[in-house]
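Below, chain A is the first sequence line, B the second, and so on; all start at residue 1.
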Protein chains: 2
Amino acid sequence: MNGEKELELARERVIDAISKNMNLYGVTESIGRLYGAMYFQEGPLTLDEMKEELGMSKTSMSTSVRSLLELKMVGKVWKKGVRKDLYQAEPDWYQTFIDFFTIKWRAGISLNISAMQKSLSEIQSLVDNERVENHVKNQANLDIDKLTSAIEYYEWLNRLVDSFESKEIFEFIPKKTEKS
Amino acid sequence: MNGEKELELARERVIDAISKNMNLYGVTESIGRLYGAMYFQEGPLTLDEMKEELGMSKTSMSTSVRSLLELKMVGKVWKKGVRKDLYQAEPDWYQTFIDFFTIKWRAGISLNISAMQKSLSEIQSLVDNERVENHVKNQANLDIDKLTSAIEYYEWLNRLVDSFESKEIFEFIPKKTEKS
DNA sequence: AAATACGTACAGAAAAAACTGTACGTACTG
DNA sequence: CAGTACGTACAGTTTTTTCTGTACGTATTT
């Protein structure tokens, strides 16, 4: 008993939880496991080391690591004298959380707001057009209300994301609870 | 030109954006379209009406609506004299947002915290065991630090979720900006 | 300049997920 | 108490996604 196996198992359990968790938000379990594996490494890893670690193809490592880069969950590291690309897991989970959701939320916000504004003005012109039938106008007016309040919600979400990005959220929910 | 087609197209664009957005968080586009379609309906819908609306099987509607129920994005509605089950989209997107992420985050939190606490105590016992090799102990100590701060992060996230559930978040980020 | 190392585009194979139709249990209806 | 309506479990099919191996472009070494 030198403890190596036990440590490995304990890590494995956590890696599993991490990847299942990430999977809840549409990230592949493989990508999650890669992040988890990198998280427990002391230093940065090369693609070949990842391939070794997870027993998967180098191609997969390449694409998976790119996904993690886009999510800012790993960073590329430069090290003197090393030719291979090196990647390291972002260790600060507050930051990871913020990046992850900021990226997704912003994408969703702009997607939805632009679609809604476009449709909103189209629908408005239906209401303004006297050749449009009345029952359609009624529906149109209902839709206008819905879209208006949906846009309002997205503006709120935008402000929420701002407070994440600026870290102001930590003034509202501090990282540590007050000692009593 | 009675405007019906134009209204339909304008809605379609928004439904598309909604479903693509939901898809970012691991929800099928079909399920997203179903929510979108329901969102624009005036009243609640039966499974058969949904099937009609989306041109899909009733089985799919049944399972999709169940997913939406679990996410609290739709609710079951009772209406006198109607035998079929009726479902209605939750119209308040603030609430939808809160429910959606609260559900997911809480699931992830408990998953991770319990895995981490278990592993943490296992790793601690490696450190305490004098038969464990030194280089393993060093690794173990690093892991303890990582897990400890990860758990701290999850406790923060838990408090954040609390503030969503209790609506206190709206004191920090108000629904409407102050009029100037 | 040839040889080697490295990362990734791309096409095909393998695996997973989404979707459908049938079948069946339950609950109403006449 | 038939007969009908309704929702969903389940098995099989279709579609999508993930994963791999090969091939190739670029960069580095000799």
Between [X] ([atom1]) and [N] ([atom2]), how many Å, whole number?
X: A/Met61; N: D/dC19; atom1: CE; atom2: P; result: 8 Å
X: B/Leu45; N: D/dG7; atom1: CG; atom2: C1'; result: 16 Å
X: B/Leu86; N: D/dC6; atom1: CG; atom2: C1'; result: 12 Å
X: A/Met56; N: D/dT18; atom1: CE; atom2: C1'; result: 8 Å
X: A/Glu29; N: C/dA17; atom1: CD; atom2: C1'; result: 14 Å
X: A/Leu47; N: D/dA27; atom1: CG; atom2: P; result: 17 Å
X: A/Trp78; N: C/dC6; atom1: CH2; atom2: C1'; result: 17 Å

Next item on the list: Return the 5'-most residue of the pair A/Thr28, A/Arg83 with respect to DNA chain D, ranking by each residue's nearest nucleotide.
Entry: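 Upstream on the strand: A/Thr28.
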Checklist line | side-chain contact (heavy atoms from CB on, under 4.5 Å) between A/Asn141 and A/Asp145, worked out | finding: CA-CA 6 Å; A/Asn141 275 316; A/Asp145 287 348; 5.9 Å; no
Is there a side-chain polar atom (N or O) of [X] under 4.0 Å from OP1 or OP2 of [N]?
X: A/Ser57; N: D/dC19; answer: no
X: B/Arg33; N: C/dC19; answer: no
X: B/Arg66; N: D/dA9; answer: yes
X: A/Ser30; N: D/dC19; answer: yes
X: A/Ser62; N: C/dT8; answer: yes
X: A/Thr59; N: C/dT8; answer: no
X: B/Lys58; N: D/dG7; answer: yes

Note to self: Between B/Gly26 and A/Lys76, which residue's closest nucleotide on DNA chain C lies nearer the 5′ terminus?
What the structure shows: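 That would be A/Lys76.
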Check: Checking ring pair (Phe, Tyr, Trp, His ring centres under 6.0 Å) against B/Phe97, which of B/Phe100, B/Phe101, B/Trp93 comes through?
Finding: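 Exactly one candidate clears the test, B/Phe101.
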Item checked: A/Lys84 bridged to A/Glu49 by N-O distance under 4.0 Å ->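 Looking at A/Lys84 and A/Glu49, the cut-off is not met.
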Check: How is B/Thr46 classified with respect to the nucleic acid when contacts are heavy atoms under 4.0 Å: base, sugar-phosphate, or nothing?
Finding: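 No contact.
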Margin query: Over all strands shown, is B/Thr63 touching base, sugar-phosphate only, or nothing at heavy-atom distances under 4.0 angstrom?
Written below: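 Answer is nothing: B/Thr63 stays at 4.0 Å or more from every strand.
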Note to self: The test is side chain to side chain donor-acceptor pair (under 3.5 Å); show your working for B/Asn2 and A/Arg131 and say whether it passes.
What the structure shows: CA-CA 7 Å; B/Asn2 64 8; A/Arg131 280 178 308 178; over 6 Å; no
Check: Of B/Glu8, B/Glu4, B/Arg11, which meets side-chain hydrogen bond (donor to acceptor under 3.5 Å, both in side chains) against A/Gln139?
Finding: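 Passing option: B/Arg11.
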